[in-house]
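For the single chain, residues carry numbers from 1 onward in sequence order. When a ligand or atom number is given, it counts from 1 through the structure's own listing order.
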Amino acid sequence: MEMALMYFIILVILSGLTEGSGVLPDGPLNAAVGETVMFTTTLTPTETPFLTLAWTSGAKNIITSNTVNITGPEYEGRITLFPSTGSLELRSLTLDDAGEYSVVIVPAGEAAEMGRTTLAVYEKVSSVSVTSFTEKVSNVSVTSSSTDLVEFSGSVSLSCSASGSSLSFLWLNGSSEVTASDRVQFTDGGSSLTIITVTRFDQGPFRCSVSNPVSTGTSDPVNLIISYGPENINLILSPPQGYFAVGSDISLSCSVGSRPPAQFKWFLNGDQLPDPGSELRLMNVNMSQSGNYSCQAFNSETLRSQTSQPSAITVLEKISAVSVTPSTNLPVEGTSVSLTCEASGSVFTRNWMKDGSDLNPTDNMILSDNNRVLTFDTVNRKDSGEYFCQISNPVSSDEAKYIMMVNYGPENVQIKVPNKINIKGTLKLTCSAESTPSARFTWLFNGVEILTNSAEYVKEEVEFSDSGNYICQAWNNITERTSSSAVHGLIVTDQLSGCAAGCIAGIVIACCVLIAAAVGGGYYIYKEKFNKSSQKQNTEQGENMYVNMRMTRK
Ligand SMILES: *[C@@H]1O[C@H](CO)[C@@H](O)[C@H](O)[C@H]1NC(C)=O
Ligand SMILES: *[C@@H]1O[C@H](CO)[C@@H](O)[C@H](O)[C@H]1NC(C)=O
Ligand SMILES: *[C@@H]1O[C@H](CO)[C@@H](O)[C@H](O)[C@H]1NC(C)=O
Ligand SMILES: *[C@@H]1O[C@H](CO)[C@@H](O)[C@H](O)[C@H]1NC(C)=O
Ligand SMILES: *[C@@H]1O[C@H](CO)[C@@H](O)[C@H](O)[C@H]1NC(C)=O
Ligand SMILES: *[C@@H]1O[C@H](CO)[C@@H](O)[C@H](O)[C@H]1NC(C)=O
């Protein structure tokens, strides 16, 4: 009864409440059918229990809490009362729950508090369209598990974060979209990108583009630094050749694919040189700098290194002062002679030429000591000529000339003359010989020396006394040999030969007598001449001989 009385009193009080909403918010509170609504008072929570707490909806008691709790039948199991603030939770709303709600709170020893608000309950339009508020995309950012990577060793994960709801993710690599593959994977609903084995081409920039139905946001770009190499090392010589003259400047440059740029070391025949850098400059080189050069590249990030193929450099002295020295300055036919070809510089090849063409060594020639010495076993006059010795190496070439004159003779000494000459005529005898150097001639008349040092014997206005035996002697001052011509008989005749007997007295007939001197080639030629003569000539000769003998007897 007491309870019923109280309830009545409250109703009276509430009906008196006309203004303001008291300890409850103005409302209306909005909620959909089936949902839960919370009527929250503005009271600060208190430990001390309220004397009385009463919630009503319109005229209906929801709960009245005093010494006992009385819950309205239609609210059984649907409400929770919060004793410290007097707030009320109402669940499983129906359309009938819409309406006014009031609360009366009587704290111990204080004035009663009151509150009033309204609740609007809506039916859901459709079971699928839960119209929830869509937050704009913001704060899109990408974080990377690492930005310094080594090619082919390890993976990298990029994750994208963003504020907002209903987000979908898209990854960009430069300006193109990243697509999944065996080495590119997406996880966490596309917000994470994992590159399994990075390559140098995966440097990005990578960006994450996040979107929902109402907006789009894109992250700042993330660049990956992927180290690789060294690889494809290549050593280039400039000028591009293997042989250099002493004093040349040579530049060697080493190129390599590497990120970050490689550090270089240089080696000569395996020994490290002090020079750093990708280019090695050798200035004014000398021969001791010849050898195999190589470069080595080292990448301090990948800790890998690569060494080039060796490049051979040969520094050579230029050929100079080529000379051909004969074993004797006066080679004599039939003796042994050698020519030696020398030069200063780095000699690679010697090549002999004779009279403008490559030397064709004949049986009597021997080339020895790598063509340094050309030896003539027994030198022949045909070996005379202009000899060239050409010495070359890959950086230069030079040659020397030697004119060899093989001395020989004299041989084949001959007198060219008429056999007969008229008195008072001019006698001109010419002697020839095969000889190098030219022979010196000496003339003998009937065994007596009449002229030296001349190939010609000239006598104007010959007398009968000039008839007789002429011999020419040839002398070679190098071979120191002498050779004589055949005896040449000369007859000085009278122009009127065969005239009247009165003039016979004035005619001296010289006769050629074959004396002991007629030997050798001279005799042969002489004899030949006679053989060719006609029988008539022989007869004449016989007569001449007879006349001569007669005159000698006189
Ligand atoms: C009334 O209900 C409140 C909240 O559920 C509870 O704390 C209190 O003990 C109840 N009173 C009685 C007498 O059952
Ligand atoms: C953006 O992100 C930063 C750090 O992740 C955070 O401190 C900040 O509150 C975020 N801003 C928004 C609008 O979400
Ligand atoms: C990024 O783009 C480059 C070409 O620009 C491509 O080579 C590389 O594979 C791409 N990386 C990823 C992870 O898509
Ligand atoms: C050759 O050149 C190198 C380097 O310039 C130098 O150290 C060396 O003494 C030279 N050798 C000779 C023999 O000149
Ligand atoms: C340089 O290398 C070549 C082979 O590549 C070798 O025959 C030669 O002996 C080497 N020279 C030096 C000086 O080591
Ligand atoms: C040989 O004679 C020539 C002249 O005919 C002369 O020039 C040369 O000096 C001579 N040689 C010797 C070795 O006597």
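Counting only heavy atoms of the protein, atom 12 (C) of ligand 4 lies nearest to Asn286 ND2, 3.1 Å. The closest protein non-hydrogen atom to atom 11 (N) of ligand 5 is Asn292 ND2, 2.9 Å.
Enclosure of atom NZ in Lys318 is not indicated, since only 12 or fewer non-hydrogen atoms of other residues, nucleotides or ligands lie within 6.0 angstrom.
With hydrogens and angles left out, the side-chain atoms of Ser344 and Ser320 include a donor and acceptor closer than 3.5 Å. Side chains of Ser227 and Glu151: no donor on one and acceptor on the other come within 3.5 Å. Side chains of Thr493 and Asn422: a donor on one and an acceptor on the other come within 3.5 Å.
Close N/O approach between Asn477 and ligand 6 is found [any backbone or side-chain N/O within under 3.5 Å].
At a heavy-atom distance under 4.0 Å, only side-chain atoms of Gln289, from C-beta outward, approach ligand 4.
For atom 2 (O) of ligand 4, a protein heavy-atom neighbour is found at a distance under 4.0 Å. Atom 14 (O) of ligand 4 is flagged as protein-proximal [any protein heavy atom, distance under 4.0 Å]. Protein heavy atoms all stay at least 4.0 Å away from atom 7 (O) of ligand 5.
Ring orientation note: the planes of Tyr387 and Phe376 are nearly perpendicular, at an angle over 60° on the 30°/60° scale. Between Phe348 and Tyr243, the ring planes are perpendicular. Angles over 60° get that label, and only those under 30° would be called parallel.
Put simply, the side chain of Ile391 does not reach to within 4.5 Å of the side chain of Glu342, judged on heavy atoms.
Contact atoms of ligand 6 toward Arg440: 2 (O) (distance under 4.0 Å to a heavy atom of the residue). Atoms of ligand 4 found under 4.0 Å from any heavy atom of Ser288 (numbered from 1 in listed order, with element): 1 (C), 11 (N).
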